[in-house]
Number of protein chains: 2
Amino acid sequence: MTEFSLPPIQTTARDDAVLKALAGFVMQEALGPGQRLPTERILAERLKVSRNTVREALTRWEGLGLVERRQGSGTYLKAAVSPDMLHMPLTLAGGNDFTGLMRTLEIRRALEAEAAALCAIRAGKAEIAEIERKLGIMEEAFHCRAGMSAEEDWEFHQAIYRASGNPLFEQIIAAMHELFHRFWEHPLGVRDFGHASFPYHRTIYERIAAHDPNGARAEALKLIATVEDDLKRGAANLKLSDLK
Amino acid sequence: MTEFSLPPIQTTARDDAVLKALAGFVMQEALGPGQRLPTERILAERLKVSRNTVREALTRWEGLGLVERRQGSGTYLKAAVSPDMLHMPLTLAGGNDFTGLMRTLEIRRALEAEAAALCAIRAGKAEIAEIERKLGIMEEAFHCRAGMSAEEDWEFHQAIYRASGNPLFEQIIAAMHELFHRFWEHPLGVRDFGHASFPYHRTIYERIAAHDPNGARAEALKLIATVEDDLKRGAANLKLSDLK
DNA sequence: GTGGTTCAATGGTCCAACCAATTTCTGCAC
DNA sequence: GTGCAGAAATTGGTTGGACCATTGAACCAC
């Protein structure tokens, strides 16, 4: 029994149709992130559907992070859209406790190592220079403010993800990054959190600059390992039950 | 200028409140996947909000794959929900073409390698036995049906993800797996697709059984490399523009 | 300019009704 | 009683219209 390419006819697929039309419109008008798209009322009128239907469709896009709605102002694009996008929503149960954080960190280790390796292969002179610049900023902030360089640290890593040539790395890790923020507001009792990971930033950069993928991968693994150790130390110091 | 911890006050967060209440209800009633949750009309009445608001909230959950709505029947849970879930919707622009598939494959390589390494560290006797069992099934199917062992192959890998002790691996890769299916329906001109990766399944298993994380990681990397090679060969054979 | 006020535009919520798909009930034929 | 077709109730999907809350721009007094 071969599979017929017969998509089930759908008498009703209003919101989907709305999104398709809207995606087409966005492409046609060459709208990019930050730009405002038509009013809900106008969309409803133009597409000959109820404003409610338009809203459900936009709610979908909002949930996917494609769009941002500001009451009184309008609906704005947050990312580039194309008609052939693939959505893969992930929901992680219980990411608030220590175990959950540890698990996300394992994912990050996997991606960080691979991104560094790919970066070592693909990064051109411009990308390497950009990474070095971010590294310099981070190191300066680190020495200047005695270890408080979370923001600069993050930008350094982002530069690597970008230079990996695969935007998925940045997307996935950025999504998890919010989770870290939620957790790192509890200082965890470890004052010099992240101190141990500091030197590895430079070694990663050096391996990337030398176009040594395996070396970059190894250094990235070491970096995450130090973070995990810090985390474990912190967890040991602190009553875990207090974290709720 | 220090950062004040002043999240913007929100006088209105109706749909969010609805979802929180609903998540609480699901937990309280211990509802699991497949079970039906209350009617939209009932929810609207109980929560003292408009049915429209309930619908927007449910649309969010539907978009996240947490829930499935069947007209005339009801709304059913598709996954376990808890009040502290982390949502991380990923949209992959242009995932239908060769580049998009290659990118997801790079993510998979990262996760596959790390999962194998963790598995080598953590898997107990039972888990290793299970993996060996799946390996046997796969090898038999491979020899019997001349390479058509996609399903068994997938189950083998899933067993590894499960034994890694981190459910995130399985979740993320499972989400991407659907992408692959959509693509592999185009046979790509490569008849013996996946043949080259076959021997590495056993070597991965052996490194895991030997509790050798670095060895397992290396073998997993080799396996994905063969798949990438197959893919590149296929792409070279085929007019890429035909894939649309 | 500065600081308020007004006002139109826009997303957010609500309501009441109807449509469409599904399920359940009912009643008839056997 | 059984089985099945049709009616009725249930439920998500859609519509249109109304009003509220927020925003931002225009306007005005000072």
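Chain naming here is simple, since letters A, B, ... match the order of the sequence lines and numbering starts at 1 in each.
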What residue among A/Ile131, A/Leu223, A/Ile173 forms side chain to side chain contact (heavy atoms under 4.5 Å, CB included) with A/His157? A/Leu223
Within residues 56-68 of chain A, which residues have any heavy atom lying less than 4.0 Å from an atom of DNA chain D? none
Between A/Glu127 (side chain) and A/Gly124 (backbone), is there a donor-acceptor pair under 3.5 Å? yes
Donor + acceptor pair across side chains of B/Glu112, B/Tyr161 (<3.5 Å): yes
Quick one: does A/Leu66's side chain get under 4.5 Å of A/Glu62's, heavy atoms only? no
Looking at B/Thr53, is its backbone amide N or carbonyl O close enough to the side chain of B/Glu56 to form a donor-acceptor pair, meaning the two atoms are under 3.5 Å apart? no
Rounded distance (Å) that lies between atom P of C/dG11 and atom CG of B/Asn52: 15 Å
Derivation of the side-chain contact (heavy atoms from CB on, under 4.5 Å) call for B/Val67 and B/Leu37: CA-CA 9 Å; B/Val67 113; B/Leu37 40 85; 4.1 Å; yes
Quick check: closest heavy atoms across B/Ala44 and B/Ser50, and the distance to 0.1 Å? CB-C, 3.9 Å
Between B/Ala21 and B/Leu47, the two heavy atoms sitting closest are CB-CD2, 3.9 Å
Which residues in residues 15-22 of chain B have a heavy atom closer than 4.0 Å to any atom of DNA chain C? B/Asp15
Given the ring of A/Tyr76, does A/Arg69 sit roughly above its face, with NZ or CZ under 6.0 Å from the centre of the six-membered ring and within 45° of the axis? no
Establish, with yes or no, whether the OP1 or OP2 oxygen of D/dT15 is under 4.0 angstrom from a side-chain nitrogen or oxygen of A/Thr53. yes
Show me the protein contacts with nucleotides 9-12 of chain D, counting only N or O atoms at under 3.5 Å.
{"unit_1": "D/dT11", "atom_1": "OP1", "unit_2": "B/Arg36", "atom_2": "NH2", "d": "3.2"}
{"unit_1": "D/dT11", "atom_1": "O2", "unit_2": "B/Gly72", "atom_2": "N", "d": "3.2"}
{"unit_1": "D/dG12", "atom_1": "OP1", "unit_2": "B/Thr75", "atom_2": "OG1", "d": "3.4"}
{"unit_1": "D/dG12", "atom_1": "OP2", "unit_2": "B/Glu40", "atom_2": "N", "d": "3.1"}
{"unit_1": "D/dG12", "atom_1": "N7", "unit_2": "B/Arg41", "atom_2": "NH1", "d": "2.9"}
{"unit_1": "D/dG12", "atom_1": "O6", "unit_2": "B/Arg41", "atom_2": "NH2", "d": "3.0"}
{"unit_1": "D/dG12", "atom_1": "N2", "unit_2": "B/Gln71", "atom_2": "OE1", "d": "2.9"}

With side-chain contact (heavy atoms from CB on, under 4.5 Å) as the test, would you mind laying out the steps for A/Leu22 and A/Leu58 before giving the verdict? CA-CA 10 Å; A/Leu22 197 50; A/Leu58 287 178; 3.8 Å; yes
